[in-house]
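Note that the structure is predicted; figures quoted are calculated from it, not measured.
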Amino acid sequence: MTDSLVILGSTGSIGTQTLDVARKYNIDIKALTAFSNVKLLEEQIRSFKPSVAVMYDEKSANDLKQRIADTNTKVLCGMDGLIEASSMQDAQVVLNALVGMVGLEPTLAACKAGKTIALANKETLVAGGELVMNTVKDNGVSLLPVDSEHSAIFQCLQGCPEKKYLKKLILTASGGPFFGKKRDELKDVTVKEALAHPNWSMGAKITVDSASMMNKGLEIIEARWLFDMQADDIDVVVHRQSIIHSLIEFQDNSVLAQLSQPDMRIPIQYALTYPDRVESPVKELDLTSIGTFTFDKPDYETFECLSACKKALSKGGTSPAIANGANEAANLLFREGKISFLKIGELVSGAVDSLPSVPIKTLSDVLNADKTAREYVYSSI
């Protein structure tokens with residue numbers, strides 16, 4: 001059981017659910033961070049009394065300092081603050097629930113500080129997979145997945161005594177709000193429609209990624225690094241009920257799956273209690289009330305982001321970082337009403353196809369690829 005925890009991104013969906021688990025098991029919270037949600041972070045600080053709080057936005061950090069001047073919590077700011085929080089000497093585990101590339105450097109810092117990483121920031125491995133996994137190995141730390149799909153595979157792999165028995169990984173996808181629709185039906189979809197996820201409650205960026213199926217593309221890349229599997233050995237199946245969270249297939253074609261309610265507190269809790277299994281705040285799964293499971297093939301033609309991610313993974317080097325950076329920029333532009341929904345996939349594909357990929361040797365290689373991809377998107381609209 002984790003006894004001391006830093007939560008990066010504590011005011012988001014994963015962060016607030018992590019605090020639910022921490023409260024239930026009296027886990028000592030050492031640091032909390034947010035981008036600009038001063039009001040909620042103040043409430044969390046007063047409830048959990050961390051020694052450090054980080055507000056990424058400088059103006060919001062100054063506001064927070066004034067609000068909590070009567071507490072003993074030290075307020076830090078920006079990337080330097082995130083890195084300092086990630087490296088805190090008295091913290092055992094760093095749970096990274098940041099959204100986007102901003103999570104990469106704190107993950108590397110936590111590894112170098114010898115922390116166990118509970119990872120919900122998929123962009124860390126998408127953009128810097130080889131660099132991150134080498135840093136994990138060099139520092140002898142554990143990296144535990146928090147995403148429901150990767151947690152499911154992690155749990156299933158405990159039934160696989162040797163990797164030679166493993167044939168493939170099968171990631172499940174809900175299909176999002178636009179399942180079954182073709183490109184001509186998606187030309188004029190609104191941000192509100194894209195944010196109407198049928199099963200999960202997530203932040204806006206991730207929900208749009210789910211609608212475009214970019215989220216599943218990112219998860220394919222993440223799975224490649226987490227579990228040391230090649231792209232051709234990672235499949236996706238659309239499972240609308242979101243009860244089976246992912247599966248593994250053995251060489252003898254038998255399959256193991258992990259099932260639970262679509263509630264992120266289960267994978268969050270497992271990352272914090274691993275290898276123990278303890279009582280959960282999530283209700284028991286009643287299969288008879290669900291009745292039927294369905295499975296469909298993903299539509300790679302309509303959901304162009306999914307194809308672009310598979311292509312980026314095959315190209316290797318900085319191509320996944322390019323795909324991720326292009327998507328982060330395009331996703332935001334869509335949410336701001338500046339581009340159409342289908343334009344997201346077009347821009348991600350265009351960036352992967354046209355921007356050169358180079359081997360990743362240092363953090364700068366990743367950051368430069370990310371910057372170039374964003375510039376490509378902004379110059380293309």
Side-chain angles (χ1 to χ4, degrees), residues 99-100 120 122-123 125-127 147-150 152-153 169-224 231-232 234-242 244-247 262 294-314 319-320 322-335 339-353 373 377:
V99 177
K122 57 176 57 68
E123 293 86 355
L125 285 179
V126 170
D147 272 351
S148 61
E149 296 84 358
H150 300 101
I153 291 172
L169 311 179
I170 305 170
L171 298 170
T172 56
S174 70
F178 303 138
F179 170 74
K181 294 187 181 298
K182 298 299 181 182
R183 289 184 66 86
D184 60 350
E185 299 175 89
L186 298 177
K187 290 179 181 177
D188 300 315
V189 299
T190 65
V191 175
K192 183 178 179 180
E193 289 171 325
L195 292 174
H197 196 282
N199 299 331
W200 294 96
S201 175
M202 305 175 288
K205 190 267 182 184
I206 298 173
T207 305
V208 171
D209 279 349
S210 180
S212 70
M213 292 202 73
M214 181 71 185
N215 203 43
K216 207 54 50 180
L218 297 177
E219 288 172 7
I220 292 172
I221 300 171
E222 186 179 8
R224 181 266 177 271
D232 290 343
I234 305 171
D235 285 350
V236 173
V237 63
V238 178
H239 168 59
R240 294 293 283 164
Q241 294 77 25
S242 295
I244 298 174
H245 297 295
S246 279
L247 316 90
T294 60
F295 304 96
D296 295 275
K297 293 181 179 180
D299 183 347
Y300 287 94
E301 183 178 347
T302 298
F303 297 95
E304 198 171 351
C305 287
L306 190 55
S307 301
C309 285
K310 294 200 77 169
K311 181 181 289 187
L313 182 54
S314 296
S319 280
I322 289 168
N324 180 73
N327 177 68
E328 286 193 27
N331 182 308
L332 179 59
L333 288 170
F334 169 69
R335 285 182 282 133
I339 63 172
S340 69
F341 177 75
L342 289 177
K343 191 69 175 176
I344 299 174
E346 293 171 10
L347 289 168
V348 174
S349 292
V352 171
D353 287 339
V377 169

Can you name the nearest heavy-atom pair linking [X] to [Y], along with the distance?
| X | Y | value |
| --- | --- | --- |
| Pro320 | Ala312 | CD-O, 3.6 Å |
| Ala223 | His150 | N-NE2, 3.6 Å |
| Ala231 | Leu313 | CB-CD2, 3.6 Å |
| Ala330 | Val377 | N-CG1, 4.0 Å |
| Leu306 | Pro298 | CD2-CB, 3.8 Å |
| Arg240 | Ser174 | NH1-O, 2.7 Å |

Distance in Å, [X] [atom1] paired with [Y] [atom2], rounded so as to fall on 0.5 Å steps:
| X | Y | atom1 | atom2 | answer |
| --- | --- | --- | --- | --- |
| Cys305 | Leu342 | SG | CG | 9.5 Å |
| Arg335 | Phe341 | CZ | CZ | 12.5 Å |
| Leu171 | Asp147 | CG | CG | 10.0 Å |
| Leu247 | Leu169 | CG | CG | 10.0 Å |
| Ser340 | Leu186 | OG | CG | 10.0 Å |
| Ile344 | Asn331 | CD1 | CG | 5.5 Å |

Check whether any side-chain heavy atom of [X] lies under 4.5 Å from a side-chain heavy atom of [Y], and answer yes or no.
| X | Y | value |
| --- | --- | --- |
| Phe178 | Asp299 | no |
| Leu347 | Ile339 | yes |
| Leu332 | Lys205 | no |

### Task
Examine distances only and state if a side-chain atom of Ser307 and a backbone atom of Tyr300 form a donor-acceptor pair shorter than 3.5 Å.
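A pair under 3.5 Å: yes.
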### Message
Determine whether a donor-acceptor pair (N or O, by modelled atom type, separation under 3.5 Å) exists between the side chain of Asn327 and the backbone of Val348.
### Response
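The answer is no, because no donor-acceptor pair under 3.5 Å joins these two groups.
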Please report, to 0.1 Å, the donor-acceptor pairs under 3.5 Å made by any side chain of residues 210-220, with sequence neighbours excluded.
unit_1 : atom_1 : unit_2 : atom_2 : d
Ser210 : OG     : His197 : NE2    : 3.1
Ser212 : OG     : Val208 : O      : 3.4
Ser212 : OG     : Asp209 : O      : 3.2
Ser212 : OG     : Met214 : N      : 3.2
Asn215 : OD1    : Lys122 : NZ     : 3.4
Asn215 : ND2    : Glu219 : OE2    : 3.3
Lys216 : NZ     : Glu149 : OE2    : 2.9
Lys216 : NZ     : Thr172 : O      : 2.8
Lys216 : NZ     : Glu219 : OE1    : 2.6

### Query
Is any side-chain N of the basic residue among Lys311 and Asp353 closer than 4.0 Å to the acidic one's carboxylate O?
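Between Asp353 and Lys311 there is a salt bridge, with a charged N closer than 4.0 Å to a carboxylate O.
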### Query
If you measure from the Lys or Arg side-chain nitrogens to the Asp or Glu carboxylate oxygens, is any gap between Glu185 and Lys182 under 4.0 Å?
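Between Lys182 and Glu185 there is no salt bridge, as every charged N stays at least 4.0 Å from the carboxylate O atoms.
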### Heavy-atom neighbours of Asp188 CG exceed 12 at 6.0 Å
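Atom CG in Asp188 is not crowded, with 12 or fewer foreign heavy atoms closer than 6.0 Å.
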### Task
Could you pull out all residues at least two apart from Phe179 that satisfy ring pair (Phe, Tyr, Trp, His ring centres under 6.0 Å)?
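Residues passing ring pair (Phe, Tyr, Trp, His ring centres under 6.0 Å) with Phe179: none at all.
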#### Entry: Set of ring pair (Phe, Tyr, Trp, His ring centres under 6.0 Å) partners for Phe295, sequence neighbours left out
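Expected list: His239.
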